[in-house]
Amino acid sequence: MITLISVAVIAVLLCLAAVSLYNRLVRRRGAVDNAWAQIDVQLKRRHDLIPNLVETVKGYASHERQALEAVVAARSRAVGARTPKDQAAAEDALSGALKGLFALAEAYPDLKASRNFSELQEELSDTENRIAYTRQYYNDAVLTYNNAIQTVPANIVAGMTGFAPYEYFQAPGEERSPVQVRF
């Protein structure tokens with residue numbers, strides 16, 4: 001009788017431990033999903049600013065059609081990207097197109113002096129900083145989650161219940177290379 005009670009108590013304790021581990025993994029997966037949603041919020045903010053910026057530039061430099069179309073096309077690709085890898089590549093292309101647009105502003109003093117353009121440029125810069133922070137937060141959440149599903153004994157529960165690792169948001173190859181400074 002004592003053996004049966006001992007086995008039952010051990011079984012109950014194991015079940016409680018498994019449920020506790022499962023719930024911890026669910027919370028960590030939720031943190032990763034929330035972090036990704038925060039990136040989406042900031043990217044949407046960025047994507048919403050771009051049409052205003054393009055319209056402002058159009059008013060001053062309407063014959064610079066190629067640069068404007070590059071920004072619009074890159075924005076469309078960025079809006080459609082879904083995975084961290086696709087999102088990173090699309091956002092890199094968009095950043096490159098925006099750099100071209102801001103370089104274009106240097107050739108148009110009236111555009112550069114425009115209050116609307118300056119405000120949009122500042123707002124976009126602020127948004128870029130927020131995006132960088134949310135990407136870091138996402139990668140921290142992914143690290144915590146991936147470590148949790150790979151450590152013993154949580155890896156047993158994770159394997160039995162279908163928890164899969166998330167991929168990190170990584171900078172594309174161009175952004176990883178050293179910055180070239182030329183005088």
Side-chain angles (χ1 to χ4, degrees), residues 28-147 164-183:
R28 291 204 171 142
R29 181 176 57 196
V32 172
D33 292 339
N34 177 55
W36 183 252
Q38 295 306 316
I39 290 174
D40 273 348
V41 166
Q42 296 307 321
L43 293 177
K44 176 155 180 21
R45 183 172 189 249
R46 178 189 200 200
H47 299 157
D48 288 348
L49 287 171
I50 290 171
N52 295 332
L53 189 64
V54 167
E55 287 302 315
T56 301
V57 172
K58 236 188 241 186
Y60 288 91
S62 60
H63 60 281
E64 300 287 352
R65 187 173 168 171
Q66 186 178 7
L68 297 172
E69 287 176 353
V71 171
V72 171
R75 178 187 178 272
S76 294
R77 284 191 302 277
V79 168
R82 293 292 166 239
T83 67
K85 184 178 180 179
D86 293 343
Q87 192 81 51
E91 292 300 326
D92 182 48
L94 181 55
S95 292
L98 286 172
K99 285 177 190 173
L101 190 66
F102 290 131
L104 178 70
E106 296 295 321
Y108 294 89
D110 291 342
L111 172 61
K112 194 173 173 185
S114 164
R115 181 177 175 185
N116 192 25
F117 181 77
S118 295
E119 287 174 0
L120 286 168
Q121 191 173 18
E122 186 176 319
E123 186 121 2
L124 197 57
S125 177
D126 181 46
T127 301
E128 295 295 333
N129 290 336
R130 290 180 185 187
I131 290 169
Y133 173 77
T134 56
R135 286 176 180 168
Q136 178 184 349
Y137 177 73
Y138 171 80
N139 281 342
D140 289 345
V142 168
L143 174 68
T144 301
Y145 170 80
N146 285 348
N147 285 343
Y166 277 87
E167 66 180 84
Y168 291 97
F169 196 105
Q170 296 181 355
E174 178 183 303
E175 289 182 19
R176 289 184 189 175
S177 61
V179 176
Q180 303 254 334
V181 179
R182 293 188 183 125
F183 295 101

Check whether any side-chain N or O of Ser95 sits under 3.5 Å from a backbone N or O of Glu91 as a donor-acceptor pair, and report yes or no.
->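 Here the side-chain-to-backbone pair exists.
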Tyr166 side chain vs Asn139 backbone, donor-acceptor pair below 3.5 Å =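 It does not hold such a pair.
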Are side-chain heavy atoms of Phe102 and Leu124 found at a separation under 4.5 Å?
->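 Of all side-chain heavy-atom pairs linking Leu124 with Phe102, at least one is under 4.5 Å.
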With the side chain counted from C-beta on, respond yes when Phe169 and Val142 share a heavy-atom pair under 4.5 Å apart, and no when they do not.
-> no
Take atom OH of Tyr133 as the centre, draw a 6.0 Å sphere, and report whether it contains more than 12 heavy atoms from other residues, nucleotides or ligands.
-> no
Taking only residues two or more places apart in sequence or in another chain, which ones pass side-chain contact (heavy atoms from CB on, under 4.5 Å) with [X]?
X: Arg45; answer: Gln42, Glu123, Asp126, Thr127, Arg130
X: Asp86; answer: Ala81, Thr83
X: Asn116; answer: Thr56, Ser114, Leu120

Could you go step by step and tell me if Trp36 and Asp33 meet the side-chain contact (heavy atoms from CB on, under 4.5 Å) rule?
-> CA-CA 5 Å; Trp36 183 252; Asp33 292 339; 5.7 Å; no
Those residues that, when tested against Glu167, pass side chain to side chain donor-acceptor pair (under 3.5 Å) (two or more places apart) = none
Looking at residues at least two apart in the chain, or sitting in another chain, which of them share a side chain to side chain donor-acceptor pair (under 3.5 Å) with Asp48?
->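 Side chain to side chain donor-acceptor pair (under 3.5 Å) check on Asp48 returns Lys44.
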Test side-chain contact (heavy atoms from CB on, under 4.5 Å), reference Ile131, set Arg46, Gln38, Gln136, output is Arg46
May I have all residue pairs that pass side-chain hydrogen bond (donor to acceptor under 3.5 Å, both in side chains) and include part of residues 67-81, sequence neighbours excluded?
->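 The answer is Arg65-Glu69.
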